[in-house]
Amino acid sequence: MTGATQVRWGIIGTANIARAVFLPGLRQAGGDAAAVAGREVSRAGQFARDNGIGRSVTGYQALIEDPDIDALYIPLPNSLHAEWTIRALEAGKPVLCEKPLCGTLPDTERTLKVARQTGSLLWEAFAFPFSRSADPAQTAHRRGRYR
């Protein structure tokens, strides 16, 4: 990481949710979209240019191994979440994985085990509890209406 400065985020994949949700949130929080990885060099390059991302990388593993990337966001198809999250955690990178974290209980258990073993931070991009639309339910819960 770059000390007390921004976290340099790498994005594994060129999914629309990265463009529409992750990047605006990251920028609002003061984060740095340093690189995006794609399977095709032209698509990754176009995604980087269109979305103000520092650079593009061909291949997901190349981004995971990049020493200039501090943390990774994984918005790949759900069936690829476990594989690429585990690879990133094993490389010592903190991961924000798009929901659902995994599609099966065994994949979830394996992914959480790797996170515990490596000590790498792992988050699932499940933001609904933090949405203002959830405020009435949270208030009711705090007041004891829901248990």
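Cluster membership for I64 and V57, using ILVMFWY side-chain heavy atoms within less than 4.5 angstrom, is shared. Under the 4.5 Å side-chain contact rule for hydrophobic residues, L26 and F47 share a cluster. Both L80 and L112 belong to a single network of hydrophobic side chains, linked directly or stepwise wherever heavy atoms of I, L, V, M, F, W or Y lie under 4.5 Å apart. Note: the hydrophobic cluster containing I17 also contains F22 (ILVMFWY, side chain heavy atoms under 4.5 Å, direct or indirect links). Under the 4.5 Å side-chain contact rule for hydrophobic residues, I11 and L121 share a cluster.
Atom CG of D50 sits about 11.5 Å away from atom CG of L23, to the nearest 0.5 Å. From C97, atom SG reaches atom CG of L89 across 9.5 Å, with rounding to the nearest 0.5 Å. Distance CD1/I86 to CG/D107: 7.0 Å, rounded to 0.5 Å. Separation of atoms CZ (R110) and OG1 (T85) is listed at 10.5 Å; rounding is to 0.5 Å.
Heavy-atom minimum distance, P24 versus A18: CD-O, 4.3 Å. In terms of heavy-atom proximity, A37 sits nearest to A44 at C-CB, 4.4 Å. Nearest heavy atoms, G13 versus P75: O-CG, 4.5 Å. Closest heavy-atom contact between I53 and A34: CG2-C, 4.0 Å.
The environment of Q117 atom CD is dense: over 12 non-hydrogen atoms of other residues, nucleotides or ligands sit within 6.0 angstrom. Atom CZ of R27 has more than 12 heavy atoms from other residues, nucleotides or ligands within 6.0 Å.
Taking the six-membered ring for Trp and thresholds of 30 and 60 degrees, W123 and W9 have ring planes inclined between 30 and 60 degrees apart.
E124 contributes a side-chain N or O that, together with a main-chain N or O of L101, makes up a donor-acceptor pair within less than 3.5 Å. The closest donor-acceptor contact from the side chain of K93 to the backbone of I69 lies under 3.5 Å. Distance alone, capped at 3.5 Å, places no donor-acceptor pair between the E90 side chain and the T118 backbone. Remark: side-chain polar atoms of H81 are paired, donor with acceptor, to backbone N or O of L76 under 3.5 angstrom.
Between V36 and I12 the shortest side-chain heavy-atom distance does not fall below 4.5 Å. Considering only heavy atoms from C-beta on, T111 comes within 4.5 Å of L122 through its side chain. V7 places none of its side-chain heavy atoms less than 4.5 Å from the side chain of D32. Here the side chains of P100 and N78 are in contact, with some heavy-atom distance below 4.5 Å. Residues R55 and D66 form a side-chain contact, since some pair of their non-hydrogen atoms from C-beta on lies under 4.5 Å apart.
A distance below 6.0 Å separates the ring centres of W84 and Y60.
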Would D70 and R8 satisfy salt bridge (charged side-chain N to carboxylate O under 4.0 Å, His left out), going step by step from the backbone distance to the final call? CA-CA 5 Å; D70 301 315; R8 299 168 299 181; 2.8 Å; yes
Would R87 and E83 satisfy salt bridge (charged side-chain N to carboxylate O under 4.0 Å, His left out), going step by step from the backbone distance to the final call? CA-CA 6 Å; R87 287 182 185 216; E83 174 187 354; 3.1 Å; yes
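Checking Q46 against R43 by side-chain atom types alone, no donor-acceptor pair falls below 3.5 Å.
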